Amino acid sequence: MSLYCGIACRRKSLWCYRLLSTYVTKTRYLLELKEDDDACKTAQQTGAFYLFHSLAPLLQKSEHQYLAPQHSLSELEKLLAKFGQDTQRIEDSVLLGCSEKHEAWFALDLVLNSSSPINASLQKPQMETELKGSFIELRKALFQLNEKDASLLSTAQALLRWHDAHQFCSRSGQPTKKNMAGSKRVCPSNKIIYYPQMAPVVITLVSDGTQCLLARQSSFPKGMYSALAGFCDIGESLEEAVRREVAEEVGLEVERLQYSASQHWPFPNSSLMIACHATVKPGQTEIQVNLRELEAAAWFSHDEVATALRRNNPYTQQQNGTFPFWLPPKLAIAHQLIKEWVEKPTCSALPA
Ligand SMILES: NC(=O)C1=CN([C@@H]2O[C@H](COP(=O)(O)OP(=O)(O)OC[C@H]3O[C@@H](n4cnc5c(N)ncnc54)[C@H](O)[C@@H]3O)[C@@H](O)[C@H]2O)C=CC1
Ligand SMILES: [Mg+2]
């Protein structure tokens, strides 16, 4: 689908209108909202707001999944009045994206960044009653959201958390000021601009050609195994980070590496998960688990992994008290990486 968006590009003093795709016009519109506070404020008039309470999104339960309700600006203004807050609070909201029809989406945390104290008579349970929903920890709800809501709420939580943690300039100690969209903060005294950041993390599915290596940390839910993951060190390339993480965590050297996909991951802070397949050197498969980082690691056959991917109810404890081997849910990039390997076990191709 494409349309004339009215964005003009100047070429030799002539304005020429190009036929731009819906995606391009949407992207340009969002860029304008990030750069122009007035345009962003105007977008709030027709925008939709997702609400949070101390970084937990407002959700409504519907059958086996959660839905994230949206509120219009006028609904939000009425709610803020009921909660004893100034409508000025709306300026604390952050821009998340927009629909194809340029309805902008925002997120506002009703508690964080709040300069006006919350009406003591209206605490969280009363707010939930008023909002006909519950504020639920994103970690608990993420896998019961549809893909669009999961992605929007992950971005929202990451941005709201970043703003909450960057209220002051690390150079001057003065309060920083958020732009209307929330895409940056500026220190008024020295003009330093702070942008939201993500930490790069490599996640690698190591294979020996026929089996794949999965590991678990003691903090994982019982029975769950995943691919090896680790934060990139400063100065490292992606390839170097993969080699180091695999060596550190399971004492193996990887030889071949293939990029698969990436994903924003909001926990515990904001990470960019970069997923790769890798193969170990032939005959070098003996694992030496680093017990400071992992609880266990093991090689799994193609059949074992394919069966685990089909498992629906992973938390069910077996009669002997153990939990069945299961894998991260569909929305996690680890799941996609493992599924890719099951469908094509010889993924890894490039030298590491
Ligand atoms: N979306 C997905 O499918 C998956 C996501 N993950 C995420 O990957 C991330 C990294 O995995 P881990 O094995 O925990 O990493 P890791 O193997 O690097 O170990 C974590 C340790 O690294 C250090 N570290 C270095 N840089 C850090 C930074 N920027 N932030 C925090 N700690 C840092 C800390 O000492 C920390 O305890 C986790 O946050 C986890 O949530 C992990 C597996 C699957
Ligand atoms: Mg790790």
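Both ligands and their constituent atoms are indexed starting at 1 by order of listing. Position 1 is the first residue of the sequence; numbering continues from there. The structure presented is a predicted model; accordingly, all values stated were derived computationally and were not measured.
- Distances from atom 36 (C) of ligand 1 to the protein include no heavy-atom value under 4.0 Å.
- Distance remark: protein heavy atom not present below 4.0 angstrom from atom 23 (C) of ligand 1.
- With respect to Arg89 and Asp92, a salt bridge is recorded, a charged nitrogen being found less than 4.0 Å from a carboxylate O.
- Proximity of the aromatic rings of Tyr225 and Phe220 is defined here by a centroid distance below 6.0 angstrom, and this criterion is not met.
- Close contacts of ligand 1 with Gly230, meaning ligand atoms under 4.0 Å from a residue heavy atom, involve 15 (O), 16 (P), 17 (O), 18 (O).
- Under the side-chain hydrogen bond (donor to acceptor under 3.5 Å, both in side chains) rule, His277 has a single partner from Lys344, Glu340, Gln258, which is Glu340.
- In this comparison of Leu142, Leu337, Ile203, the heavy atom closest to atom 44 (C) of ligand 1 sits on Ile203.
- Nearest N/O/S atom of Glu249 with respect to the Mg ion (ligand 2) is recorded as OE2.
- The environment of Gln167 atom CD is dense: over 12 non-hydrogen atoms of other residues, nucleotides or ligands sit within 6.0 angstrom.
- Checking only distances, Gln217 does come within under 3.5 Å of ligand 1, N or O to N or O.
- In this structure, the separation between CG on Leu291 and CD on Glu249 is 11.5 Å, given to the nearest 0.5 Å.
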Determine, stepwise, if the pair Gln126 / Thr129 fulfils side-chain hydrogen bond (donor to acceptor under 3.5 Å, both in side chains). CA-CA 5 Å; Gln126 286 91 336; Thr129 310; over 6 Å; no
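- Ion pairing between a basic and an acidic side chain is recognised when a charged N comes within 4.0 Å of a carboxylate O; Glu255 and Lys281 show no such pairing.
- Look at Ala229 and the Mg ion (ligand 2): an N/O/S atom of the residue is under 2.8 Å from the metal.
- The presence of a protein heavy atom under 4.0 Å from atom 31 (C) of ligand 1 is confirmed.
- Judged by the shortest distance from any of its heavy atoms, His335 lies outside the 4.0 Å radius around the atoms of ligand 1.
- When hydrogens are left out, the protein atom nearest atom 18 (O) of ligand 1 is Phe231 N, 2.9 Å; that is the closest non-hydrogen contact.
- Below 3.5 Å of separation, one finds no N or O of Ser226 facing any N or O of ligand 1.
- Close approach of ligand 1 to Val201 is summarised as follows: ligand atoms under 4.0 Å from at least one heavy atom of the residue are 8 (O), 9 (C), 10 (C).
- Near Pro268, meaning under 4.0 Å from any of its heavy atoms, are these atoms of ligand 1: 39 (O).
- Relative orientation of the His302 and Trp341 rings is tilted, given thresholds of 30° and 60° on the angle between their planes.
- Within the cation-pi definition used here (under 6.0 Å to the ring centroid, within 45° of the axis), Lys178 does not qualify as a partner of Trp162.
- With hydrophobic clusters built from ILVMFWY side chains whose heavy atoms lie under 4.5 angstrom apart, Leu159 does not share a cluster with Phe168.
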The test is side chain to side chain contact (heavy atoms under 4.5 Å, CB included); show your working for Tyr194 and Thr176 and say whether it passes. CA-CA 9 Å; Tyr194 294 90; Thr176 52; 4.1 Å; yes
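- Ligand 1 places these atoms under 4.0 Å from at least one heavy atom of Ala332: 3 (O).
- Listed by number with element, the atoms of ligand 1 under 4.0 angstrom from any heavy atom of Glu245 are 17 (O), 18 (O).
- Ranking protein heavy atoms by distance to atom 17 (O) of ligand 1, first place goes to Glu249 OE2, 2.7 Å.
- Counting protein heavy atoms under 4.0 angstrom from atom 14 (O) of ligand 1 gives one or more.
- No heavy atom of Ser271 sits closer than 4.0 Å to any atom of ligand 1.
- For atom 28 (C) of ligand 1, the protein comes within 4.0 Å by at least one heavy atom.
- Close approach of ligand 1 to Phe267 (heavy-atom distance below 4.0 Å) involves ligand atoms 39 (O), 41 (O).
- Ligand 1 has no nitrogen or oxygen under 3.5 angstrom from a nitrogen or oxygen of Met273.
- Closest to atom 11 (O) of ligand 1 among all protein heavy atoms lies Ala229 CB, 3.6 Å.
- The nearest protein atom to atom 40 (C) of ligand 1, hydrogens excluded, is given as Trp265 NE1, 4.1 Å; this is a heavy-atom distance.
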Go through the steps to decide whether Leu228 and Val242 satisfy the test side chain to side chain contact (heavy atoms under 4.5 Å, CB included), and finish with yes or no. CA-CA 9 Å; Leu228 300 174; Val242 169; over 6 Å; no
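- With Phe135 as the aromatic partner, Lys124 does not meet the cation-pi criteria of under 6.0 angstrom to the ring centre and within 45 degrees of the ring axis.
- Ranking the protein heavy atoms by distance from atom 3 (O) of ligand 1 puts Ala334 N, 3.0 Å first.
- Looking at Glu236 and Arg244, a side-chain N of the basic residue comes within less than 4.0 Å of a carboxylate O on the acidic one, giving a salt bridge.
- Close contacts of ligand 1 with Gln263, meaning ligand atoms under 4.0 Å from a residue heavy atom, involve 1 (N).
- The Glu293 neighbourhood of ligand 1 comprises atoms 17 (O), 19 (O), with distances under 4.0 Å to a heavy atom of that residue.
- Ion pairing between Glu240 and Arg243 fails under the 4.0 Å rule for side-chain N and carboxylate O.
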